[in-house]
Structures are given as C-alpha cells and as structure tokens.
Amino acid sequence: MSQADVLPIRPGRPNPLWRLSLFRNETVTVFRRWRTLALLGVLAAVPVLVGIAVKLETGRGGGDGGGGGPAFINQVTNNGLFLVFTSLAVTLPFFLPMAVGVVAGDSVAGEASAGTLRYLLVAPAGRTRLLLAKYASTLVFCLAATLVVAVSALTVGALLFPLGDVTLISGTTVSFGDGLLRALAIAGLVAASLTGLAALGLFVSTLTDSGIAAMATTVGLLITVQILDQFPQLHAVQPYLFPHYWQSFADLLRDPVWGEQLLRNLGLQALYVAVFGSAAWARFTTRDVTA
Amino acid sequence: MARIQPTPEADGTAGATGRRKAVRYAVPVVVAGVAASAIGIGSALASSGAPDLPKISAQDLIAKMAASDTRQMSGTVKISTDLGLPALPSGLSLGGGAKGGGGKGGDASPQAKLTELASGTHTLRVASDGPDKQRLSVVEQSAEYSVVRNGDQVWAYDSASNTAYHSKAQQGQHGGSNSREGMPGDVKDASPQELAKKALAAADDTTAVTVDGTAKVAGRDTYQLLIKPKQSETTVGSIRIAVDAKNGVPLKFTLSPKSGGKAVVDASFTKVDFGKPAADTFSFTPPKGAKVTEGGKEVGKEAKGGRLPEGLDGLTGGAGHEGGSKVIGKGWASIAEFKGDKAAVPGKGRSQGADKNAGKNGDASKLLDSFGSKVTGDFGSGRVFSTRIVNALMTDDGRVYVGAVSKDALIKAADAAK
C-alpha cells in the first residue's frame with residue numbers, strides 16, 4: 001500500500017489516483033481495526049443464532065407459530081433464502097446502524113483523540129477531500145456490514161433448510177434465481193438505508209475530539225430517533241425521521257413491486273446525506289484542529 | 001502546540017475568517033430549507049389545483065357514474081378510518097373479536113381480516129378486470145394480505161402467518177359481497193366504487209345531493225359530489241365523492257361526521273390506471289408449505305349477521321346473531337334493533353355488578369363498561385356506546401339499538417318500542 005511505488009511523483013498537479021489512494025488508505029484503516037472485525041463478527045453471528053433457533057423450534061414440532069415473531073420467520077423453514085430477509089429485518093433496527101454509528105462516529109473524532117488528525121492534514125490532500133474519503137470508507141463499511149449479514153444468512157439458510165422457489169408476500173411464487181436477485185437488491189437497499197445515519201455520524205464526529213463521545217452520541221441519537229418513531233402521537237414528523245422507511249425493503253418482495261415507500265426511503269436518506277454531509281463539511285473545513 | 005489553521009493561506013483577519021465560516025455553515029441550512037420548502041410546495045401542489053371543468057348537474061353526474069362501464073382498473077387506495085373508538089387492548093382489537101366470532105382463530109378468511117380495516121390507516125392495492133376477476137391486497141409492514149377472485153374461486157393469502165384460505169363463490173357472487181349491505185358508514189368496502197354506489201342507493205327525499213366543485217385525485221380531474229342528509233337525528237355530516245370527469249369512476253370517498261373534525265372514513269385512490277391488468281394478476285396457486293383452510297360454508301353463515309357491521313358484531317359479543325333484528329325509521333335515521341341473547345348482555349339485572357358476570361363474557365363486559373355510559377328512560381336503563389358516527393344503546397333487558405343517529409334518537413326509539 002505504499003504510495004511511492006504506485007504513483008509517479010508529479011508535484012503541483014495531483015493525480016486522480018491520488019484521491020483514490022487516500023480513500024483506499026482510509027478504507028484499509030477502517031477494516032484493519034479489531035473493533036471493526038468484532039462488529040462484523042457479531043453481525044455474522046445473528047443469522048446463525050436465528051437459523052439455529054428456528055431449526056430447533058421446528059425440530060420439536062412447534063412450528064405452528066401463527067403470525068408472531070420477526071418478519072418472514074414463518075417462511076424460513078420452507079426456504080432458507082428467507083433467512084436472509086429475516087436476518088436483515090432483525091438487524092436493521094439496531095445491530096447494523098449501531099455498527100455504522102460506531103464506525104462513522106469514530107471516523108474523524110477517533111483520529112483527533114488519537115492525535116493523528118494533524119498528521120493527516122499535513123498531507124496536501126485538503127480537508128474536503130479527507131472528509132470525502134472518510135465518508136466513502138464509511139459507506140463501504142455500510143455495504144460490507146449488510147453483505148456480511150446477507151451472506152452469513154444465506155450460508156446458514158442453505159445448510160439448515162431447503163432452498164427452492166420463493167413465495168413472495170403477495171402469494172406469488174418466483175424462481176430461486178429471481179429470489180436471489182431480489183435478495184441482492186434488498187441488501188443494496190439496506191446498505192443505502194444506512195447512508196443517512198453514516199452522514200449524521202460523520203457530522204457528530206467533526207464536532208468533538210473524543211472518539212468515544214462521538215460514537216456514543218451517534219448511537220444515542222439512533223436509539224432516540226427509533227423510539228420517537230414508535231409514538232403514534234408524533235405521526236406528523238415521523239415521515240422525516242431517517243429510520244422511518246427502513247423496513248420498506250420488504251416491498252421488493254411484493255408482486256408487483258411497490259415502489260412508493262422505497263423511493264421515499266432513498267429520497268429521505270439523500271436528504272440526510274445532503275444536510276449532514278454539508279454540515280460536517282462546514283464544520284470540518286472551518287475549525288481549528290489542535291489535536 | 002502549533003495550531004493547524006483551516007486553510008493554508010490564512011489571511012489572518014478575524015472578520016474574513018468569521019464570514020467564511022458563516023458562509024459555509026449556511027450551506028446545510030440552505031439545503032435543509034430548500035428541502036423543506038420543496039416538500040411543502042410538493043404537498044401543496046398535490047392537494048390543491050381545482051381543475052377547470054364544464055359545469056354538470058348532480059343528476060347528470062350520477063347518471064355518468066351509473067353509466068360508467070369501466071371494468072378494468074388497478075391502483076393504490078389509501079383508506080383512513082377513525083370511528084372514534086377508544087384504543088383497545090391488542091387481544092381485543094376489532095379484528096380479534098370478529099376472528100373469535102368466526103370460530104377459527106388465526107385462519108386467513110377474508111371476513112376476519114378485512115375487519116381490521118375498520119381502524120387506522122391502511123394501504124390497499126386493487127385490481128379489477130370485469131365482474132368476476134378481482135384482486136385486493138392489504139399492504140402491511142413486511143407482510144401482505146391478498147384476496148384474489150377469479151371466476152368462482154376465491155383465494156386469500158396471509159403472508160405474515162403463511163396461511164391461505166380457499167372458498168367457492170356462488171354463481172357470480174363475491175365471497176365478501178354479502179356483508180357489503182351494511183349501513184352508510186360501513187367501512188369494509190375498500191373500493192370507492194362500491195362505497196359510492198351504496199351512498200347513492202340511500203339517496204331519496206331524505207338527502208340533498210349536489211355537485212360541489214372539482215378536485216384532482218390521483219392525478220385525474222374529478223367532480224365532487226356532495227351528499228348531505230336532511231334528517232336532523234343522524235350523526236352523518238356529509239359524504240363527499242370525487243368522480244372521475246372522464247369515465248365516471250368514483251376515486252375518493254369521504255364520510256364526515258356532523259360533530260366535525262377528521263373524516264370518519266376517507267378512502268382515496270392515490271394512484272389509478274384504467275388499463276387492463278396483467279392476466280396473471282388474478283391467478284393464484286397456494287404457495288408450497290402454506291396451510292390452506294377451506295371455507296365455503298363460512299361465507300353463508302356470516303351473511304346472517306345482516307346489516308350489523310362486523311366490527312360492532314365483535315363489540316356486542318355476537319348478541320346480534322342469536323336474536324331477531326328489525327329496522328326502525330328510514331333513510332339516515334334508521335335504527336337497527338336486535339333482541340339479543342340475554343346472557344350476552346353485561347350487567348343485566350344489576351346496577352354496577354357487570355364485573356361479577358362470570359364466564360366467557362367477563363372480559364367483554366369489563367371492556368364494555370370501560371367505554372359505555374349509563375342512561376335511563378321510559379324503556380328502563382341501559383348503556384350507550386358512542387363512536388364518532390355509530391351509536392349503540394344496549395338495554396338491561398337485552399335489546400340493542402344501533403344506528404348512525406344521536407343518543408337521543410336511540411333512547412326515543414327504545415321508548416317507542418317498549
């Protein structure tokens with residue numbers, strides 16, 4: 001990963017690859033942390049737990065569960081692919097965003113508290129570019145975390161349960177390949193659902209020099225907003241809370257696909273990225289960095 | 001410690017730095033402001049803008065609706081219902097009550113499920129191709145409830161419990177159509193088309209029907225048909241139906257109570273398409289692994305419930321099923337009278353002792369007590385249960401009066417029947 005052997009030294013005019021290498025460095029930094037790996041490990045364990053629990057329950061013949069439990073859990077015994085949907089539905093309210101909140105909150109504040117932010121800024125990359133690289137690496141983590149859940153769930157589902165044609169929630173049956181494509185699209189959608197929170201975490205991260213404080217604030221905000229989203233009295237503001245449409249990914253499993261909530265979710269995430277991304281930029285490019 | 005300044009070419013003047021800071025901080029504020037105003041303008045545009053349409057008389061508009069031969073359509077309906085019922089404990093929700101009455105809890109039969117539409121806001125997707133091909137889906141979070149009718153086959157599928165329900169409709173009759181003959185304000189009817197037809201059937205000398213301007217519904221130009229009861233006893237304030245100016249299909253139905261406030265029922269297409277739906281929309285094969293309930297007979301039995309909406313049926317503990325029923329009055333002021341099974345009436349013969357009423361009615365009577373109010377009159381004494389549109393009087397000697405009328409009218413009817 002040394003820049004010297006990849007890049008010709010051309011002073012004065014930064015090579016486009018330069019930007020990429022900054023992004024690559026940041027991404028590698030994120031994924032080399034033990035903390036990140038632990039978070040991914042926890043995420044990978046969730047589908048395993050859910051899968052084993054469902055298997056044990058049906059093994060005892062207690063399968064007549066009715067309509068309770070997390071979304072799609074009744075379908076898991078018929079088709080292992082549904083473990084992907086169940087696991088994403090289970091991890092999306094808390095596990096996934098918490099992991100993203102930790103990584104995003106740590107992105108700038110962590111460097112500041114470790115005293116390394118100054119050295120990053122000494123490099124002639126510019127603060128805007130550094131911030132973009134930080135955000136991009138957080139987005140990579142969003143996608144990676146979602147894929148870890150999905151792949152782990154698919155593996156466990158394939159090992160423990162039969163795979164086959166997929167029954168959509170409208171009662172229509174589609175081929176396994178179609179179902180797999182939809183699962184992939186859903187994973188992408190779930191990752192995209194986390195971009196708003198990632199921007200919020202980045203903004204919080206520029207406000208403080210303490211990595212722990214930024215992580216705690218981001219995760220605390222997430223929990224607060226999730227709770228606010230439950231109160232029926234607040235229904236007027238709920239459509240503007242970032243987790244409000246998170247569970248809409250299930251609309252991809254309708255026949256025909258119902259796009260209304262999906263588009264609202266993506267629009268809302270874009271809005272949060274625009275507002276908090278620019279706020280993070282305003283803060284980061286104008287503040288004095290002392291640490 | 002050397003400070004790293006925001007920009008390499010720091011010019012040193014505090015004023016310039018402050019200004020630049022302010023400009024940068026303005027960016028997120030502007031982004032948020034633009035987004036907020038875009039949302040505001042967007043929703044204002046969607047709801048405003050009465051289209052310019054040639055004038056039409058109420059009679060012509062009704063004729064247009066009657067002559068409408070649109071049989072093929074699909075779209076999304078949003079239905080909000082606010083009967084003003086107190087929030088019920090989850091086990092005793094309206095849907096749960098009706099399910100229990102059906103005798104088979106947890107199956108996917110349409111009668112049980114569609115009752116859930118009686119409260120809250122729901123999104124439905126509907127598709128129709130001629131009189132014997134329909135599909136209705138209740139969109140739930142991460143789940144869906146679908147009813148598909150194709151010829152004499154009626155299928156229902158509940159994805160949350162992975163159960164299916166199958167029944168055979170009698171020649172050309174929809175499984176659920178028997179229960180559609182309720183009073184005005186009956187909320188089970190999902191499509192505005194059905195709701196409007198019913199409202200028009202009720203229109204006679206008791207009712208004023210006018211055309212009240214135009215509106216845009218689901219992107220289409222509509223006339224607004226305004227129906228106002230002339231009788232003073234009723235709790236119905238007005239019914240407003242938005243009728244498509246081109247093909248006479250009702251696209252929006254609003255039932256407002258006389259007491260004002262939010263509409264009791266507000267069913268509106270948010271998206272509509274008059275093209276032919278794909279043929280496979282109406283084909284249904286039960287998914288592998290789904291539990292299938294056969295329910296041909298349930299349909300006929302349920303029809304006996306007659307004019308009592310199933311939601312109320314659940315509330316009265318099924319008292320209407322056993323006894324005879326008759327209708328007092330006419331038009332909007334009509335009141336249904338049921339002579340129920342006495343055991344089903346809570347608090348019978350006691351002034352306050354409803355709680356002691358042991359057995360299976362214990363829970364129900366406690367519930368009833370929590371939102372019924374005591375009344376007395378020439379008929380004796382009883383309890384009045386009020387919603388925003390339907391009131392019910394349950395006398396201590398086992399009679400039940402239900403109607404979209406005021407409490408006083410109910411008591412008067414009870415007195416007269418004594």
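Proteins come first, then strands; the chains are lettered A, B, ... in the order of their sequence lines, and each starts at number 1.
Between the Ser278(A) side chain and the Ala274(A) main chain, a donor and an acceptor come within less than 3.5 Å of each other. For Arg388(B) (side chain) and Lys262(B) (main-chain N/O), a donor-acceptor pair under 3.5 Å exists by modelled atom type. Checking side-chain atoms of Ser170(A) against main-chain N and O of Thr172(A) turns up no donor-acceptor pair under 3.5 Å.
Comparing Phe203(A), Phe72(A), Trp281(A) by how many heavy-atom pairs each has under 4.5 Å with chain B, the most go to Trp281(A). The residue among Gly164(A), Gly171(A), Pro232(A), Ala250(A) with the most heavy atom pairs within less than 4.5 Å of chain B is Gly171(A). Contacts with chain B were tallied for Leu271(A), Asp165(A), Asn78(A); Asn78(A) has the most, counting heavy-atom pairs under 4.5 Å. Comparing Val31(B), Thr76(B), Thr270(B), Val23(B) by heavy-atom pairs within less than 4.5 Å of chain A, the highest count is held by Val31(B).
Using a 4.5 Å cut-off between heavy atoms, Ser137(B) does not touch chain A at all. Residue contact with chain B, scored on non-hydrogen atoms closer than 4.5 Å, involves the backbone and the side chain of Trp258(A) alike. If you measure heavy-atom distances from Leu253(A) to chain B, you find no contacts under 4.5 Å at all. Looking at Tyr25(B), both its backbone and its side chain come within 4.5 Å of chain A, counting heavy atoms on both sides. The part of Thr285(B) that comes within reach of chain A is its backbone (N, CA, C, O), which places non-hydrogen atoms under 4.5 angstrom from that chain. Residue contact with chain B, scored on non-hydrogen atoms closer than 4.5 Å, involves the backbone and the side chain of Pro256(A) alike. Using a 4.5 Å cut-off between heavy atoms, Val139(B) contacts chain A through both its backbone and its side chain. Heavy-atom distances place no part of Thr281(B) under 4.5 Å from chain A, backbone and side chain included.
Listed by chain and residue number, Glu140(B), Ser159(B), Ala160(B) satisfy the side-chain contact (heavy atoms from CB on, under 4.5 Å) test with Ala143(B) (two or more places apart in sequence, or in another chain). Residues passing the side-chain contact (heavy atoms from CB on, under 4.5 Å) test with Phe274(B), sequence neighbours excluded: Thr70(B), Met73(B), Arg220(B), Asp244(B), Asn247(B), Val249(B), Leu251(B), Val272(B).
Nearest approach of Ala156(B) to Tyr145(B), heavy atoms of both residues: CB-OH, 3.4 Å.
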| field | side-chain contact (heavy atoms from CB on, under 4.5 Å) assessment of Arg182(A) paired with Val257(A) | value | CA-CA 10 Å; Arg182(A) 287 187 196 231; Val257(A) 170; 3.8 Å; yes
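Residues of residues 233-246 of chain A lying under 4.5 angstrom from chain B, judged on non-hydrogen atoms, are Tyr240(A) in numerical order.
Between Asp266(B) and Lys252(B) there is a salt bridge, with a side-chain nitrogen of the basic residue lying less than 4.0 Å from a carboxylate oxygen of the acidic one. Electrostatic pairing of Lys134(A) and Glu111(A) counts as a salt bridge here, judged by a charged N lying under 4.0 Å from a carboxylate O. Between Asp280(B) and Arg135(B), no side-chain nitrogen of the basic residue sits less than 4.0 Å from a carboxylate oxygen of the acidic one, so the salt-bridge criterion is not met.
For the 3.5 Å distance criterion, the side chains of Asn265(A) and Gln261(A) fail to qualify, holding no donor opposite an acceptor.
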Which atom pairs, donor and acceptor, lie under 3.5 Å between side-chain atoms of residues 85-95 of chain A and protein residues at least two apart or in another chain?
unit_1   : atom_1 : unit_2   : atom_2 : d
Thr86(A) : OG1    : Ala71(A) : O      : 3.4
Thr86(A) : OG1    : Phe82(A) : O      : 2.9
Ser87(A) : OG     : Leu83(A) : O      : 2.6
Thr91(A) : OG1    : Ser87(A) : O      : 2.7
Thr91(A) : OG1    : Leu88(A) : O      : 3.4

